[in-house]
J.: 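This structure is in C-alpha cells; I'll ask about it shortly.
Throughout, protein chains are lettered first and strands after them, A, B, ... in sequence-line order, and every chain is numbered starting at 1. In what follows, every heavy atom counts, from backbone to side chain, and hydrogens, waters and symmetry copies are set aside. As the structure is a computational prediction, the values presented were derived from the model and not from experiment.
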Amino acid sequence: MRGALNPEQRAAVEHPGGPLLVLAGAGTGKTRVLVHRIAYLIEAGVSPWEILAVTFTNKAAGEMRERLHQILGDRSRGLWVGTFHSICARLLRRWGEAVGLTRSFVIFDDDDQQRLIQRLIKDAGIDEQVTPRSLSTRFDRAKNRGLDPTRIITGLPIDDHVRLIYPRYQEQLARENAVDFNDLLLKVLDLARDAELGPKLATLFRHVLVDEFQDTNLVQYALVRHLASVTRNLTVVGDDDQSIYGWRGAEPRNLLDFDADFPDATVIKLEQNYRSTSVILEAANAVIDKNVDRRGKALWTDRGGGDLIEWRQFGDERGEAMEVARTIRELIDEYGVSPRDVAILYRTNAQSRPLEEQLLRYRIQPKILGGVLFFERREIKDAMAYLRLVSNPAADSGFERVVNVPARGIGETTVERVRAQAAAHQLSLLDAARAVVRGEVAGVTPTVRKKLASFVDVIDGLAAVRDAGASVAEQVIQVVERSGLREKLEAEGTPEARERLDNLAALVNMASDFDDELGSEGTLDLFLERTALVAGADDDDRGEVVRLMTVHIAKGLEFPYVFLCGLEDGLFPSLRERDGASEAEALEEERRLAYVAITRARDKLVMTAARTRRVWGEIRIQAASRFIEDIPPSCLALPVRPPAPRPTPMLVAPRPAGRPQRPSRGFGRGSWDEHDQRSGDDDVPVYDVHADLRPSDGFAVGAEVSHAAFGTGRVVEARGSGKDTRLTVDFPSVGRKVVLARFLARS
DNA sequence: GTCGTCCCGGGTTCC
DNA sequence: CCGGGACGAC
C-alpha cells in the first residue's frame with residue numbers, strides 16, 4: 001500500500017504516548033503503521049536506542065529494520081528491533097550473570113532439547129511409553145505461562161515422568177551453561193525481579209512496540225508489562241482473527257483484554273483493507289464470521305469486484321498438483337505473470353512434495369519456504385555441535401552428539417564409561433573422556449583409549465585454532481576438516497553426500513558473512529547464539545521462483561495470485577485432537593488459519609482439494625473442507641461438471657497389504673476400478689475446466705520428452721512408478737541418460 | 001563396534 | 001511414505 005495514511009493510521013502513528021492498542025485486520029497496513037510510528041518517534045526526538053520494537057520472526061525484524069533504514073537512513077541505527085528471544089539473549093549477554101549465566105551461555109534448540117530429554121528418559125530407565133516430545137510439550141506448556149511444569153497435575157501417568165525428568169533437565173541445562181527457548185525469556189523475568197536490575201530494565205526503553213500481539217504468550221506479556229511499567233508507552237498491534245499459534249502457548253486474550261489491563265489505553269481499529277479484491281475479502285469475512293470468540297471487526301475495501309474464487313476438486317493429490325502447475329504455466333505464458341507473484345499455500349509440509357514434482361515437470365522453479373530448515377540438517381547440527389564443544393567444554397549434549405561422528409569406533413559402551421566417570425567426579429563428559437584417555441579408569445583397553453584420545457585431540461586442536469585468533473569462518477573450515485566430516489562425505493560420493501558437503505560449504509559462507517559484518521567483534525559464541533535463534537537462514541527466495549509454504553509461514557505476506565491446496569476436511573481444517581484445547585477451540589483456530597490463508601491473496605485465489613489422498617502410504621477418501629460451505633456461493637466460480645459423471649463409490653475397499661493394486665484409470669479413459677477412485681499415473685481431475693489443455697499422459701516408451709539441461713529426447717525405457725519413475729532417454733545432443741521422470745516434461 | 005533389517009510412529013511452527 | 005530406534009549378524 002502506498003500513499004497517504006488514512007485518519008486511523010495517522011492517529012496510531014502520531015499517538016502521543018501511553019498505552020495504545022491497534023486492532024488491525026489483515027491487509028490494513030499495520031506493519032506500515034508500526035514503521036511510521038517508530039519513524040515519527042525518532043523525528044520527535046526520541047533516541048533510537050530508547051525504542052524497542054518486538055516482532056514475531058527474525059524475518060519480520062529484518063524487514064522492519066530495512067524499511068526504517070529507507071525512511072530514516074543512519075538515524076535508525078541503534079534501534080532495538082528483534083524477536084522476544086533475540087532481545088532477551090542480548091539482555092542476558094549483558095546482565096545474565098545476575099541470574100547465574102556466564103557470558104558464553106548457549107541456547108538449546110528444539111532438537112537439542114529432544115535429545116537431552118531422550119537421554120534423561122534412558123538414564124531414568126523409564127520403560128513405559130513416554131516420548132521426549134510428550135515431555136517437552138508438558139515442560140513448554142507450563143513454562144509458556146511462567147509455571148513450574150512439575151506442579152501441573154493432570155492425573156495422567158505422565159505427571160510422574162514430568163516430576164522425575166524436569167528437575168534433571170534443568171540441572172543439565174545449568175551444568176552446560178545452557179538455556180532453552182523458554183528459559184531465555186524466563187531468565188529475563190528473573191532479572192526483572194532483581195532489586196537492582198529490575199528498575200533498570202523498566203526504564204531502559206522509552207517506547208515499547210509489539211507486533212503480532214495476539215501471538216504473545218503470558219511470559220512475553222509479563223515481560224512487556226515490566227519493560228513499559230514506568231513509561232507506560234506501550235504500543236501493541238495485532239489481529240485476534242489471525243491468532244494461529246495457540247498450540248504453542250499464544251494467548252489471544254492478551255490482545256482481547258489489553259484495554260482491561262490498561263484502562264486508559266487508546267484503542268484504534270484499522271478496518272480498511274488495501275490488499276484484496278472485495279470478492280476475496282467477502283469470502284474471508286464469511287469464514288471468520290463463524291467464530292464466536294472474537295473481538296469483531298468488519299474489514300472493507302473500496303477495491304470493487306475482482307475475479308471469482310476458483311474452487312476445484314481432483315481425483316487425487318497428484319491430479320491436484322498437476323492442475324495447479326498447469327494453471328501457473330498458463331498464467332506465466334499467456335498472461336505474462338511473474339512466477340514471483342504466485343504462491344502455493346497448504347496446511348502441512350507433507351503436501352509440498354507432489355506440488356514440487358509437478359511444477360518441475362512444467363518447468364517452473366519451485367522454492368519451498370520452511371520445510372526442512374538449514375540448521376536442522378544433520379551435517380549442520382554436527383558441525384555446530386563441534387563448535388559448541390569448542391566454545392564450551394561443558395557442552396555435554398554436543399559431546400554426546402559428535403563423539404562418534406563421523407564413526408571413529410567409539411560406541412555406546414565406551415560412552416557409558418565416560419558418563420560414569422563424569423557422574424562420579426562431577427566432570428563434564430569431555431573432561432571425563434580426558435581422564436579415560438589418561439588411563440584413570442579401569443577396564444578400558446588401550447585401543448579404546450586411543451580412539452577416545454583422537455576425539456579429544458580434535459577438540460583441543462580446534463580450541464588451539466580459536467586461540468590463535470582464527471576467524472569464525474576459519475574455525476568452521478577447521479571443524480569440517482579435523483573432525484573428518486569432509487573426508488567421510490567425500491568418500492561416500494553419493495549425490496546426498498555431495499549435498500551435505502554443499503550445506504557445510506554454505507555454513508562456511510554464512511560464517512564468512514558473519515565475520516565480514518562484525519569484524520573482530522565476531523566471536524564464536526556470538527555466532528552460535530545467532531544461529532540458534534535463526535531457524536531458517538535458508539529462505540533466500542529470490543529469483544524467478546514460485547514459492548510454496550504452509551499457511552503459518554505465509555502469515556504477514558501477500559501475493560497477487562494464491563493457490564490454496566488441500567482444502568479437505570481433516571486436513572484443513574486439521575481435526576487431529578490436541579490436548580489442552582477443546583475441539584471447538586481447535587476448530588476456531590483452524591478457521592483463523594483459513595482466514596489468514598484467504599487474505600494472503602491480492603487479486604486471484606484458487607482453492608483446490610483432492611478426493612483421495614495418500615497419507616503415510618495409506619489412501620484416504622477426503623471430503624471437501626467445511627470452510628468451503630461458509631463461503632457465499634456468489635464468490636465462487638465452480639467448474640463445469642463433465643457430461644457423464646461417473647458413479648460415486650458407495651464403499652471403498654481397504655487396499656490389501658503388500659499387493660500392489662493395478663492403477664485405475666481416471667474419468668473418460670476407459671475402465672476404472674469402482675472400489676478405488678484414485679486415479680493412476682495418467683491422472684485426470686475429477687472436474688476439469690481445461691480438459692483440452694491438459695498435457696498428454698504418461699511417459700510411454702517412444703514418447704518425446706524434454707529436459708531442462710539435456711534438451712529434447714525420446715524415451716527408450718521406463719522403470720519404477722510414481723515419483724521414482726526412472727526413464728532411459730535418448731537425447732540426440734548428449735546420448736542416453738537415465739533420468740527421474742519428474743525432471744522431464746513432455747514436448 | 002558397525003552395519004543391515006525390521007518395526008513403529010509421526011501433522012502444523014516460531015524462537 | 002519417511003526416519004529413527006531396536007535388534008541381530010558379522
Side-chain angles (χ1 to χ4, degrees), chain A residues 54-61 82-89 107-115 118 121-122 129 131-134 137 140 143-144 179-185 212 215-217 219-220 244-250 317 345-354 369-373 375-376 378 404 406-416 445 447-448 451 529-537 539 549-556 566 570-578 581 586 589-590 592-594 596-597 613-620 722-724:
Chain A
V54 186
T55 59
F56 192 62
T57 64
N58 279 308
K59 197 172 176 184
T83 60
F84 274 106
H85 293 84
S86 66
I87 300 289
C88 286
I107 299 161
F108 266 35
D109 67 14
D110 197 61
D111 184 63
D112 302 324
Q113 190 188 33
Q114 298 299 311
R115 288 171 83 105
Q118 174 86 55
I121 290 173
K122 243 186 198 154
Q129 289 228 323
T131 60
R133 175 65 60 194
S134 64
T137 303
D140 288 337
K143 287 167 102 170
N144 277 329
V179 290
D180 64 20
F181 283 127
N182 281 317
D183 288 345
L184 214 43
L185 308 190
E212 307 282 14
D215 290 326
T216 54
N217 64 35
V219 170
Q220 290 165 334
I244 56 175
Y245 287 98
W247 49 271
R248 69 172 208 233
E317 73 273 12
L345 308 184
Y346 35 77
R347 179 66 179 80
T348 70
N349 275 315
Q351 290 165 253
S352 66
R353 182 70 69 89
L369 273 60
V372 186
L373 302 175
F375 282 100
E376 287 170 12
R378 198 194 327 155
N404 197 31
R408 46 173 79 84
I410 301 167
E412 190 47 40
T413 11
T414 308
V415 176
E416 194 43 61
T445 64
T447 345
V448 169
K451 286 172 178 167
E529 171 186 318
R530 197 178 292 188
T531 49
L533 291 173
V534 179
D539 51 2
M549 69 200 94
T550 63
V551 180
H552 282 94
I553 296 254
K555 188 164 78 146
L571 182 62
F572 197 178
S574 157
L575 298 173
R576 170 175 171 246
E577 77 260 32
R578 278 180 262 196
E589 181 147 319
E590 292 293 314
R592 292 191 291 267
L593 202 51
V596 168
R613 182 174 294 273
R614 200 182 263 276
V615 183
W616 297 331
E618 178 194 342
I619 290 166
R620 296 206 189 151
K723 73 175 174 61
D724 294 315

J.: So what does A:L185 hit on the nucleic acid, given a heavy-atom distance under 4.0 Å: a base, only sugar-phosphate, or nothing?
T.: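 The answer is nothing, as A:L185 stays clear of every strand by at least 4.0 Å.
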
J.: Counting just side-chain N and O atoms, does A:N58 come under 4.0 Å of either OP1 or OP2 of B:dC14?
T.: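 No, because none of the side-chain N or O atoms of A:N58 sits under 4.0 Å from OP1 or OP2 of B:dC14.
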
J.: Which nucleotide wins on minimum distance to the side chain of A:T550, given the candidates C:dC2, B:dC15, B:dT12?
T.: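 Within the option list, the nearest is B:dT12.
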
J.: From the list C:dC2, B:dC14, B:dT12, which nucleotide is the closest neighbour of the side chain of A:R347?
T.: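 Selected nucleotide (nearest to the side chain): B:dT12.
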
J.: Whether A:K143 and A:D183 form a salt bridge (side-chain N of Lys/Arg under 4.0 Å from carboxylate O of Asp/Glu) is what I want to check.
T.: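 Here A:D183 pairs with A:K143 in a salt bridge, since their nearest N and O are under 4.0 Å apart.
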
J.: Under 4.0 Å, heavy atoms only, any strand: does A:G570 hit a base, just the sugar-phosphate, or nothing?
T.: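 Counting heavy atoms under 4.0 Å across all strands, the contact made by A:G570 includes a base.
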
J.: Listed by chain and number, what are the side-chain contact (heavy atoms from CB on, under 4.5 Å) partners of A:D110, not counting sequence neighbours?
T.: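 side-chain contact (heavy atoms from CB on, under 4.5 Å) check on A:D110 returns A:Q113, A:Q114, A:R133.
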
J.: Taking only residues two or more places apart in sequence, or in another chain, which ones meet A:K451 in a salt bridge (Lys or Arg N to Asp or Glu O under 4.0 Å)?
T.: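 None.
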
J.: Rounded to the nearest Å, what distance is computed from the CD atom of residue A:Q351 to the C1' atom of nucleotide B:dG10?
T.: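 Taking atom C1' of B:dG10 as the reference, CD of A:Q351 is at 15 Å.
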
J.: Does the side chain of A:D215 reach to within under 4.5 Å of the side chain of A:K555, using non-hydrogen atoms?
T.: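 A side-chain contact exists here, since the closest heavy-atom pair is under 4.5 Å.
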
J.: Between C:dC2, B:dC14, B:dT12, spot the one nearest the side chain of A:N349, thanks.
T.: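 My answer, after comparing the listed nucleotides, is B:dT12.
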
J.: Between A:R347 and A:E590, is there a side-chain N and carboxylate O pair less than 4.0 Å apart?
T.: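 Between A:E590 and A:R347 there is a salt bridge, with a charged N closer than 4.0 Å to a carboxylate O.
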
J.: What integer distance in Å separates A:Q114:CD from C:dG3:P?
T.: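 It works out to 18 Å between those atoms.
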
J.: Give the rounded distance in Å between these two atoms: CD1 of A:I87 and C1' of B:dC15.
T.: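 In whole Å, B:dC15 C1' lies 12 Å from A:I87 CD1.
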
J.: Could you pull out the protein-nucleic contacts involving nucleotides 4-10 of chain C (nitrogen or oxygen on both sides, under 3.5 Å)?
T.:
none

J.: Partners of A:F56 by ring pair (Phe, Tyr, Trp, His ring centres under 6.0 Å), sequence neighbours excluded?
T.: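 Applying ring pair (Phe, Tyr, Trp, His ring centres under 6.0 Å) to A:F56 gives A:Y245.
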
J.: To the nearest angstrom, how far is A:R133 atom CZ from B:dC8 atom P?
T.: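 Interatomic distance, CZ of A:R133 to P of B:dC8: 22 Å.
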
J.: Just jot down the side-chain contact (heavy atoms from CB on, under 4.5 Å) partners of A:V448, sequence neighbours excluded, or say none.
T.: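 Here the qualifying residues are A:T414, A:V444, A:T445.
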
J.: Grab the CG-P distance between A:N144 and B:dC14 for me, whole Å please.
T.: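 For the pair A:N144 CG and B:dC14 P, the rounded distance is 16 Å.
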
J.: Where do N or O atoms of nucleotides 1-7 of chain B meet protein N or O atoms at under 3.5 Å, pair by pair?
T.:
from	atom 1	to	atom 2	distance (Å)
B:dG1	OP1	A:T414	OG1	2.9
B:dG1	OP2	A:T413	OG1	2.1
B:dT2	OP1	A:G409	N	2.7
B:dT2	OP2	A:N404	ND2	3.2

